[in-house]
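This report refers to the structure that appears directly beneath it.
Computed from a prediction, not measured in an experiment: that's the story for all the values here. Sequential numbering from 1 along the given sequence is applied to the chain's residues. Computed from heavy atoms alone, side chains included, the values below leave out hydrogens, waters and symmetry copies. Both ligands and their constituent atoms are indexed starting at 1 by order of listing.
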Amino acid sequence: MTGRANLGIVWLCATALFIPGAPSLAAGNEPVRQAVAGDFPVASEVRLAGDTKQTRFILDLDKKIDIHAFLLADPYRAVIDIPQVSFRLAPDAGDNGRGLIKAFRYGLVMPGGSRIVFDLAGPAKIDKAYVLDAANGQPPRLVVELEAVDPAAFNRLLAASSSSERPKDADSPDPVVDATGSTGAAATSDSRPVVVIDPGHGGIDNGTQASTGEMEKNLVLAFAVALRDRIEQDGKYHVVMTRTDDTFIPLAERVRVARNNGAALFVSIHADALPHREGDAQGATIYTLSDKASDAEAERLAEEENKADAIGGVNLTEEPTDVADILIDLAQRETRTFSNRFARLLMSEMKTAARMHKHPLKSAGFKVLKAPDVPSVLVELGYVSNKADLRQMVSDDWRSRTVRSVAKAVEAFLAKRVGSAGPTH
Ligand code: ZN
């Protein structure tokens, strides 16, 4: 390590427009909302230069912004937090890196806040991160300079950065929960059982993607919003969404929403994709939590879905581990029984409306299903890699039919639970 200040964190305040009152994306109920381009700074082009010793990232902007850069470990990542930016980059920007940058992603992590996450080829330091003024016909530019370091140096930088300024992480205790505007206050005066609907992915994390461009995060949000509306029509249950717009929500936060609301049921909505080489698969699958995956495909899928936090730039080393005591274990056992019961109910309803996978009930170690006291299932609506499945998932007709079947299963499950066992909390 050289003797100069090599902090993992670089705080820089350019003559910035931080956009304190940036319009939050909370209003309205359209399922898939484009970020309002309005007054947000625009990122128009990106370039990478350098080699595996030193790599430079340059992003063209139309105005100067504040940036906050920090490192994350396991896997090696560098993260740049910035105010909300409209990214108008080529669709494949970030897929292929260069030098120390294997790949990078960008997008919203909260209303008003965007993030760029670099997957690093190895341990590196953020040598410099700054925003340049427009000059010589060049627009303002965000520049990040990375330099390879050895693992020990990386760990020192990481330790130094976490003991000084704490990164403004999406995983902060500040609840992202209220991003939906439908939690908290409503829960106190409302004694109806709470159903938490969890559209997977969001913001910087697109989820899987069809070859024709449809993204899982949008498909599942549209489905989740329709499901909420359908369940609420009845008035018997209160629905809380983990997100209602294109915002990134860490996995632990989704679990927290279920627990904090004393949810009677948690339903996570996803869409799967099979890598090209692995042939074709089709139909909907319902997953519950288990320590050991029911088969290799379930294991692969749980691994993919559990990557969401790494994709979103969440500090995984600080993620609270589940308290493993006997009480939780007992609650968990009972919860799993209920989760499995709901999964079976859901399958028998869904198969009347949607095409199911040939083995529609599976289990694996999904992080998002780990609330010890909330029955939880994860539904993969289908495969975006399968043409027929994709055609269905984008169709209003299929969606409303399938939403009806899921709502029916939710009602059947809760009616029985509330009627026989009384409230669980
Ligand atoms: Zn997913």
Side-chain angles (χ1 to χ4, degrees), residues 31-32 105 107-109 117 170 196-227 241-255 257-258 266-276 278 281-290 293-314 316 343 346 350 354 356-357 360-371 376-386 389-390 392-394 399 402-403 406:
V32 179
R105 297 170 294 281
L108 268 191
V109 282
V117 180
V196 171
I197 300 175
D198 173 50
H201 313 278
I204 191 170
D205 172 18
N206 296 329
T208 56
Q209 196 163 347
S211 56
T212 40
E214 290 86 353
M215 292 179 192
E216 176 183 1
K217 66 174 181 179
N218 296 330
L219 295 171
V220 301
L221 180 57
F223 190 93
V225 167
L227 179 59
M241 304 276 285
T242 54
R243 68 176 177 102
T244 52
D245 58 23
D246 186 20
T247 302
F248 174 78
I249 313 283
L251 294 172
E253 186 59 39
R254 298 169 190 263
V255 175
V257 171
F266 175 89
V267 184
S268 191
I269 310 287
H270 289 258
D272 202 354
L274 215 56
H276 282 308
E278 296 181 20
Q282 60 186 44
T285 313
I286 298 159
Y287 288 89
T288 49
L289 178 68
S290 67
S294 54
D295 61 32
E297 204 202 340
E299 192 168 358
R300 169 203 59 87
L301 180 74
E303 230 166 73
E304 282 301 313
E305 300 291 11
N306 289 345
K307 273 185 203 154
D309 283 345
I311 288 170
V314 172
L316 302 176
L346 186 56
M350 273 187 87
M356 303 301 288
H357 189 271
L361 287 180
K362 294 188 184 189
S363 62
F366 294 90
K367 281 190 189 166
V368 79
L369 299 180
K370 285 194 172 165
S376 303
V377 304
L378 182 146
V379 182
E380 296 283 345
L381 295 173
Y383 290 81
V384 299
S385 50
N386 177 273
D389 273 14
L390 182 63
Q392 296 211 309
M393 282 189 274
V394 298
R399 187 181 308 120
T402 308
V403 155
V406 177

* To do: Please check if the side chain of R243 supplies one atom and the backbone of H201 the other of a donor-acceptor pair under 3.5 Å.
  =>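 Yes, R243 side chain to H201 backbone: donor-acceptor pair under 3.5 Å.
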
* Asked: Are the side chain of S294 and the backbone N or O of S363 linked by a donor-acceptor pair below 3.5 Å?
  ->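 Side chain of S294 to backbone of S363: a pair is present.
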
To the closest 0.5 Å, what do you measure between [atom1] ([X]) and [atom2] ([Y])?
X    : Y    : atom1 : atom2 : answer
L390 : Q282 : CG    : CD    : 13.0 Å
L219 : Q392 : CG    : CD    : 12.5 Å
L301 : L378 : CG    : CG    : 7.0 Å

* **2.8 Å cut-off (strict), protein N, O or S atoms about the Zn ion (ligand 1)** => 5

* Residues R300, D272; criterion salt bridge (charged side-chain N to carboxylate O under 4.0 Å, His left out); working and verdict -> CA-CA 11 Å; R300 169 203 59 87; D272 202 354; 3.1 Å; yes

